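Structure first, then comments.
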Amino acid sequence: MARSTAMKAAGLILALLIFTFFSLAASSSNNQIQILNAERRIDLSSHIVKVFLTLKVENVGTSPASEIFLAFPPSQADQLALVKAQAAIGKKKKKSYVHLDVNPTQLPDAPNGTKYFSISLLNPLSSGETATLEVLYILTHSLEPFPAEISQLESQLVYFRDSALMLSPYHIKQQTTFIKTPSTKVESFTRVEPTKFAGRELKYGPYEDRPPYSFSPVIVHLENNSPFAVVEELLREVEISHWGNLQITEHYKLVHAGARHKGVFSRVDYQSRASVKGASSFKHLLASLPPRVHSVYYRDEIGNISSSHLRTDYRKSELEIEPRYPLFGGWKATFVIGYGLPLEDFLFESPDGKRYLNFSFGCPLAQTVVNKLTIKVVLPEGSKDPSAAVPYPVEQRLETKYSYLDVVGRTVLVLEKKNVVPEHITPFQVYYTFKPIFMLAEPLMLASVYFLFFMACVAYLQIDISIRK
Amino acid sequence: MGSKAAAITSPVPVTWYPTLAIFMLAIGLIVSASFFIYEATSSRRNRSLAKELTTGAVASFFLGFGSLFMLLASGVYV
């Protein structure tokens with residue numbers, strides 16, 4: 001009797017211990033990891049903000065950790081275009097980098113709407129071990145022009161808002177933030193001691209022993225005259241023809257997203273000293289196209305725009321375009337760029353018999369942010385089972401397009417993505433099945449039209465429509 | 001991706017398109033000329049439907065393929 005109650009008690013205590021262990025493990029994963037050293041380098045040289053984080057993390061808990069969380073304030077999380085992470089393996093000369101998966105997650109007790117991303121480690125970090133992670137994240141639309149309206153003669157000044165202390169769910173032992181500015185002119189910056197500004201670098205830190213979720217907002221008011229080229233909408237249409245050509249048509253709606261231009265535009269002033277009179281404007285755009293491109297055209301609603309240069313190479317082609325007018329703050333330009341590419345560079349056959357198109361996702365214009373990118377891949381008539389393999393989350397849907405010599409229409413696979421930056425330029429694939437015999441449909445359609453004509457002639461000559469015999 | 005995947009090209013080399021277009025259209029027009037000559041020179045009783053059909057079929061085959069290659073050679077990749 002006593003033994004059974006003792007056993008029951010032991011069982012109860014064991015269950016209680018297991019329960020507390022699991023609850024502690026689930027809720028206090030934040031207490032497991034500690035960041036020994038965090039170095040953050042923010043690059044503000046262009047209107048796309050690039051932040052490089054080097055984190056040295058240590059597992060101070062008891063159980064192995066397989067993910068590390070990154071925290072972002074909600075306003076910054078909306079402007080986040082890309083988060084990439086890699087782990088450094090080896091030391092000094094034998095250093096190599098391994099790419100790690102980063103996914104957005106949610107944690108239950110997030111203060112003030114903090115958004116999280118979780119980095120999945122390759123090998124779980126056991127207790128007492130340290131690891132070095134490098135994270136790159138890119139923010140768009142984060143530089144707010146202030147003053148919001150400038151005249152032609154003024155330089156463009158912008159606000160950059162961030163925190164001197166890195167927002168993190170972990171305790172950070174030592175952290176430093178370096179901000180690289182495009183010029184030596186910085187109007188003002190918030191001081192969070194120790195702060196130092198020398199040349200083009202603003203240094204916040206080092207700060208020791210900060211608790212999790214510590215945040216110290218700073219505002220840096222700096223001069224940034226780099227071209228604020230934003231494409232509001234980009235529609236890229238890729239038409240595949242099995243007769244040997246890939247036809248690309250790109251429709252751009254370009255806008256200068258910096259400080260709005262107020263007052264007059266003096267062409268005389270602009271052409272005399274453009275570096276002073278119109279410092280924040282831009283007039284050239286560079287598009288990187290694949291090699292062996294042909295039949296390139298650049299036109300808008302009015303007609304052809306002749307101010308463009310195409311330089312081809314065996315590795316790449318560069319199209320330098322100049323819109324009809326230089327773009328000042330708030331000014332827009334709409335144009336179409338089209339070109340053809342040889343089919344054998346992009347269409348391949350996979351081992352399971354399906355055909356796939358290997359093309360690059362993103363915008364060919366350098367240093368531009370695309371607010372909404374739509375890629376339409378028009379597959380030839382008779383293609384079935386289209387599917388896409390894209391390295392980023394995109395919205396997909398199917399449409400039909402009627403083009404040359406079409407009877408049933410061509411299947412179009414539409415991919416949409418918002419907030420695209422040049423770092424998104426990577427290849428993606430579109431798979432489909434196609435029986436080569438369907439290619440004969442087009443010439444046979446043309447031949448049957450001619451045959452009908454000849455038979456109509458025969459019928460006309462055989463019919464006797466004379467009234468009088 | 002593994003080993004190099006096989007690139008898919010057009011069934012007819014692209015550089016042949018203009019030559020093929022000219023030759024096929026020329027042959028097609030010659031055969032259709034012979035068709036119309038036959039129609040014009042024979043009377044209704046002497047005509048043979050079989051000859052008309054074969055000449056028409058051969059002419060439309062060459063004209064059809066010829067106009068396809070002409071479209072491809074001028075840059076309309078159908």
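The shown structure was predicted, so the numbers you read here are calculated from the model rather than taken from an experiment. We name chains A, B, ... by the order of the sequence lines, and we start the count at 1 in each one.
Ranking G66(B), A57(B), G28(B), G75(B) against chain A, the residue ahead of the rest is A57(B), based on heavy-atom pairs under 4.5 Å.
In this structure, chain A has heavy atoms under 4.5 Å from both the backbone and the side chain of S32(B). For a residue to count as touching a neighbouring chain, one of its non-hydrogen atoms must lie under 4.5 Å from one of that chain's; by this rule F62(B) does not touch chain A. Interface residue Y77(B): backbone and side-chain heavy atoms are both found under 4.5 Å from chain A. Within the 4.5 angstrom heavy-atom criterion, only side-chain atoms of M439(A), from C-beta onward, approach chain B. For L343(A), the parts sitting under 4.5 Å from any heavy atom of chain B are the backbone and the side chain alike. L49(B) touches chain A through its side chain: at least one heavy atom from C-beta onward sits under 4.5 Å away, while N, CA, C and O do not. Heavy atoms closer than 4.5 Å to chain B are found in both the backbone and the side chain of Q462(A). Contact annotation for I240(A): neither backbone nor side-chain heavy atoms come within less than 4.5 Å of a heavy atom of chain B. Neither the backbone nor the side chain of Q247(A) has a heavy atom closer than 4.5 Å to any heavy atom of chain B. For V78(B), the parts sitting under 4.5 Å from any heavy atom of chain A are the backbone and the side chain alike.
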Passes side-chain contact (heavy atoms from CB on, under 4.5 Å), E442(A) versus L71(B)? Steps please. CA-CA 11 Å; E442(A) 285 153 351; L71(B) 280 171; over 6 Å; no
Does the pair L446(A) and F61(B) meet the rule for a side-chain contact (heavy atoms from CB on, under 4.5 Å), with working shown? CA-CA 8 Å; L446(A) 290 167; F61(B) 172 83; over 6 Å; no
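The distance from the CD atom of E39(B) to the CZ atom of F454(A) is 10.0 Å, given to the nearest 0.5 Å. If you take CD on E344(A) and OG on S10(B), they are separated by 8.5 Å, rounding to the nearest 0.5 Å. Of the inter-residue distances, the one linking L63(B) atom CG with F453(A) atom CZ reads 9.5 Å to the nearest 0.5 angstrom. One finds the CG atom of L68(B) at 7.5 Å from the CG atom of L405(A) (value rounded to the nearest 0.5 Å). Summarising the geometry, atom NE2 belonging to H242(A) is positioned 6.0 Å from atom CD1 belonging to I8(B); distances are rounded to the nearest 0.5 Å.
No side-chain heavy atom of V458(A) sits less than 4.5 Å from a side-chain heavy atom of R47(B). At a threshold of 4.5 Å between non-hydrogen side-chain atoms, the residues E52(B) and L461(A) do not count as touching. Side chains of F36(B) and C457(A) form a contact here, defined as non-hydrogen atoms less than 4.5 Å apart. By the 4.5 Å heavy-atom criterion applied to side chains, V76(B) and W243(A) are not counted as neighbours. Taking the side chain as every heavy atom from C-beta outward, S67(B) and Y450(A) approach each other to under 4.5 Å.
In Y404(A), the OH atom is not crowded: 12 or fewer heavy atoms of neighbouring residues, nucleotides or ligands sit closer than 6.0 Å. In the displayed structure, Y297(A) atom OH is contacted under 6.0 Å by more than 12 heavy atoms of other residues, nucleotides or ligands.
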